[in-house]
Structures are given as structure tokens and as C-alpha cells.
Amino acid sequence: MSEPPDHHPVDDFVRQHLDREAATVDARAVLRRVHPVPAVEPARTRRLVWRWAAGIGVGAGAVAAACLLIVFGGGTPPAAHAATAAELVRDAKAAHSDATDRLYDVKVDRAAPPSRREPVPPFWPLLRDGRVWTRGEQFWFDSPLPDGRHGTFGRDGQGRVWVAVAPRLGLLYSPDETGEPLARVCNLMSLRGPTLMADMLDHYDLSREDAAPGEPLKVRATFRGPGPGEFAATRISLELDPATKAVRKAVQERLAGGEAVATFTFTLRETGRQPDAAYELRGHLDANARVVGPKDLPARDRARGEWLGRFPAWRPGTR
């Protein structure tokens with residue numbers, strides 16, 4: 001078969017056909033997997049187009065259209081779609097709403113007690129390093145104490161905050177005791193994913209940082225007001241797993257009384273499996289232990305005071 005001259009009617013026919021085919025094909029999607037090639041002189045281009053059309057036919061229209069886009073200078077493919085910060089936070093909320101158990105190391109960079117609070121708040125010694133297991137809104141936190149014992153508290157599937165004071169004594173706080181100082185501090189030391197992400201979507205200005213392929217996705221959040229409440233996080237940063245959108249690292253800067261309390265850093269240590277009882281008070285007590293709840297407030301307050309007394313006291317000039 002002889003090649004056509006530089007000016008031949010078939011050129012127009014083939015080009016019109018390929019243009020119609022190209023209109024129905026996302027040629028740039030094909031180009032994402034194709035490297036650009038050097039430009040080709042016009043006469044040579046027409047001979048290549050004529051051969052493609054004559055030898056392959058209509059069925060190759062989509063590929064030919066993509067090749068034509070390269071040959072005639074289609075340019076660099078557009079950047080891959082990037083999820084917005086809000087979309088990433090919604091994905092993280094979904095990832096932390098299932099029954100997956102995750103263990104985080106907790107690092108507390110404690111500020112000096114707020115100057116307007118005298119004496120030092122009794123909960124201050126609780127703000128300490130430890131480890132927390134999470135499952136949705138449930139958690140249990142453990143921190144070793146200097147006397148060899150542990151400070152262990154958590155939140156069960158019914159929303160009750162609990163404290164294992166000793167193997168034979170536990171404190172229980174009902175879900176409606178949200179203003180009780182110890183219950184609030186226990187929640188402060190946890191990573192309650194669904195609640196945290198919902199708050200970020202409703203009350204924070206969100207932004208994201210670019211990340212290289214395979215690196216954690218990064219989201220930043222700044223509280224937008226009207227004013228942070230007690231123990232509110234003014235700034236939050238998240239590093240999310242690119243595949244699962246689970247939190248690999250979370251940093252929360254929190255206030256109390258309008259002044260800094262501490263910066264809490266949660267770093268994912270492992271994903272495993274915890275028994276259901278691990279998130280319940282009874283799972284950390286002896287079988288015949290006593291549980292003191294809202295119906296016996298004086299006894300619970302006494303036990304709380306004794307338990308807090310086991311933690312090292314904060315002294316001015318220390319952190």
C-alpha cells in the first residue's frame with residue numbers, strides 16, 4: 001500500500017473520525033500511564049495517522065485519540081484528585097467508629113497550672129504519660145506510678161467513666177455526670193475518635209498539607225469560637241494512614257480557664273484485639289471488689305481523694 005501525499009482528502013476524513021471518537025473518551029486518563037514523546041514533523045504525523053486508521057479501524061479510536069493528544073502537544077496530565085481536609089476527617093471518623101482496637105502511646109507536655117486557679121487543681125497529677133487502648137468511644141488508659149502500682153481508668157460501652165482505685169475498689173460515673181471533674185479529665189486523657197472528628201467538622205477551621213505518596217495524610221484544625229470551653233482543644237493536628245484513614249498520630253493543644261493545660265500527643269503503637277471486659281471497670285477489679293457510683297457520693301468522693309493522693313504532687317517550678 002503506498003503512502004498518501006502530504007495533502008490528501010483522507011487526512012480530513014480520518015481526523016474528523018478520530019475527533020468524534022476522542023469526544024467520548026477521557027484521553028487524559030490514558031495519558032496518566034503514558035510518558036510524553038518528542039514532537040513529530042507534520043508530514044510524518046499525517047502518515048502515522050493514516051496508517052493507524054487504515055490498519056486498525058474504528059475499534060482503535062480511543063487509543064488513537066490518546067496518541068494524537070500526545071503527538072500534537074497535549075501537555076502534562078492534571079494532578080491527581082486530592083481529598084479536602086473535611087473529607088479526610090469524615091473518613092477518619094468512619095475508620096474510628098468500628099470495633100477495631102488501637103493502642104496509642106500518650107505523651108503529655110504539661111504546662112504550669114493556670115495562674116487564676118488556686119490552689120492547684122486536684123486533677124493535675126493525672127496529666128501524665130501512659131498508654132491508651134481505644135475502640136470507638138470506648139477506651140482504657142494505664143499509667144505506671146512511682147510506687148509500682150498503676151493509674152487505670154476508662155470509658156465503657158454505656159458511656160460510663162470508671163476508675164480502678166485498687167483491685168478491690170472501683171469508682172463509676174454515669175453518662176450524665178459530664179461536668180464531674182474527674183470524669184472530664186479521664187475523657188481528656190483519651191482519644192475518642194468519633195467525638196473528636198465530629199467536633200473538628202462542626203467547630204474548627206480545617207486545612208490539609210501535601211504529602212508524598214505513602215506518607216501520612218496531614219490535617220490541621222483551629223478552633224473558630226466563639227470561645228473554647230473547659231479542656232477544649234484550641235489546635236489539633238492529625239496524621240492519617242493513607243489506606244485506612246485511621247489516626248497514626250494526633251496532637252491536641254488544650255486549655256482550662258482560658259489558659260494552657262497541656263499538649264497531648266497520641267502515637268499509634270499497634271492495632272490488635274482487646275477483650276470486651278478490658279473496657280469495663282469489672283475487667284480491672286477482683287471478682288468481689290466494691291464499686292462506688294453516683295448513689296453513694298460521699299464514699300466516692302473520699303475514694304477519689306485517696307486515689308489522687310497516690311499520684312506525685314505537682315510543685316511550683318516543675319512540669
**Q** Would a 4.5 Å heavy-atom cut-off, applied to side chains only, mark Leu201 and Leu206 as touching?
**A**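 Heavy-atom side-chain distance check passes, below 4.5 Å.
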
**Q** Students often mix this up, so state it plainly: with edges at 30° and 60°, are the rings of Phe153 and Trp307 parallel, tilted or perpendicular?
**A** perpendicular

**Q** Between Arg282 and Val291, is a side-chain contact (heavy atoms from CB on, under 4.5 Å) present by the stated rule, with each step listed?
**A** CA-CA 9 Å; Arg282 287 293 185 184; Val291 174; 3.6 Å; yes

**Q** Taking side chain to side chain contact (heavy atoms under 4.5 Å, CB included) as the test, write out the residues that go with Arg269, two or more places apart.
**A**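 Side chain to side chain contact (heavy atoms under 4.5 Å, CB included) list for Arg269, sorted by chain: Leu103, Asp105, Arg131.
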
**Q** How many angstroms lie between atom CH2 of Trp133 and atom CD of Glu270, to the nearest 0.5 angstrom?
**A**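 One finds 4.0 Å between CH2 of Trp133 and CD of Glu270.
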
**Q** Rounded to the nearest 0.5 Å, how far does CG of Asp241 lie from CG of Leu268?
**A**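 If we round to the nearest 0.5 Å, Leu268:CG and Asp241:CG are 8.5 Å apart.
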
**Q** Applying ring-ring contact (aromatic ring centres under 6.0 Å, His included), name anything that partners Phe266, two or more places apart in sequence or on another chain.
**A**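 So Phe266 forms no ring-ring contact (aromatic ring centres under 6.0 Å, His included) with any residue.
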
**Q** So, using side chain to side chain contact (heavy atoms under 4.5 Å, CB included) as the criterion, who are the partners of Asp91 when residues are at least two apart?
**A** Lys245

**Q** Among residues at least two apart in sequence or on other chains, which ones pass side chain to side chain contact (heavy atoms under 4.5 Å, CB included) with Asp176?
**A**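 Once residues adjacent in sequence are excluded, the partners of Asp176 under the side chain to side chain contact (heavy atoms under 4.5 Å, CB included) criterion are Ser174.
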
**Q** With heavy-atom distances below 4.5 Å as the criterion, would you say the side chains of Arg135 and Arg273 are in contact?
**A** yes

**Q** Kindly compute the distance separating CG (Asp296) from CZ (Arg302), expressed to the nearest 0.5 Å.
**A**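 That separation rounds to 7.0 Å.
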
**Q** Rounded to the nearest 0.5 Å, what separates atom NZ in Lys218 from atom CG in Leu240?
**A** 11.5 Å

**Q** With rounding to the nearest 0.5 angstrom, report the CZ to CD distance, Arg160 to Glu280.
**A**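 Separation between the atoms: 7.5 Å.
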
**Q** Considering residues at least two apart in sequence or located in another chain, which fulfil the side chain to side chain contact (heavy atoms under 4.5 Å, CB included) criterion with Thr152?
**A**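 Expected list: Trp140, Asp142, His150, Trp162, Ala164, His284.
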
**Q** Are side-chain heavy atoms of Met200 and Lys93 found at a separation under 4.5 Å?
**A** no

**Q** What do the steps show when you test Gln252 against Leu188 for side-chain contact (heavy atoms from CB on, under 4.5 Å), and what is the final call?
**A** CA-CA 10 Å; Gln252 305 176 40; Leu188 173 68; 5.9 Å; no

**Q** Taking side chain as C-beta onward, heavy atoms only, is Thr267 less than 4.5 Å from Lys249?
**A**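 When only atoms from C-beta onward are counted, Lys249 and Thr267 do touch, with a gap below 4.5 Å.
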
**Q** Taking only distance into account, with no hydrogens and no angle test, what donor-acceptor pairs under 3.5 Å do side-chain atoms of residues 189-197 form with protein atoms, sequence neighbours excluded?
**A**
unit_1: Ser190; atom_1: OG; unit_2: Asn187; atom_2: O; d: 2.7
unit_1: Arg192; atom_1: NE; unit_2: Glu137; atom_2: OE1; d: 2.9
unit_1: Arg192; atom_1: NH2; unit_2: Glu137; atom_2: OE1; d: 2.8
unit_1: Thr195; atom_1: OG1; unit_2: Glu137; atom_2: OE1; d: 2.7
unit_1: Thr195; atom_1: OG1; unit_2: Glu137; atom_2: OE2; d: 2.8

**Q** Do Leu182 and Phe264 sit in one hydrophobic cluster, given that two such residues count as connected whenever their side-chain heavy atoms are within less than 4.5 Å of each other, even indirectly?
**A**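 Looking at the clustering, Phe264 is in the same group as Leu182.
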
**Q** Can any side-chain N or O of Arg220 pair as donor or acceptor with the backbone N or O of Arg208 at less than 3.5 Å?
**A**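 Not confirmed, Arg220 side chain does not pair with Arg208 backbone.
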
**Q** Output the distance between atom OH (Tyr279) and atom CG (Asp156), rounded to the nearest 0.5 Å.
**A**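 Between atom OH of Tyr279 and atom CG of Asp156 there are 12.0 Å.
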
**Q** If we only count heavy atoms from C-beta on, is the Glu306 to Val165 side-chain gap below 4.5 Å?
**A**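 When only atoms from C-beta onward are counted, Val165 and Glu306 do not touch, as no gap falls below 4.5 Å.
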
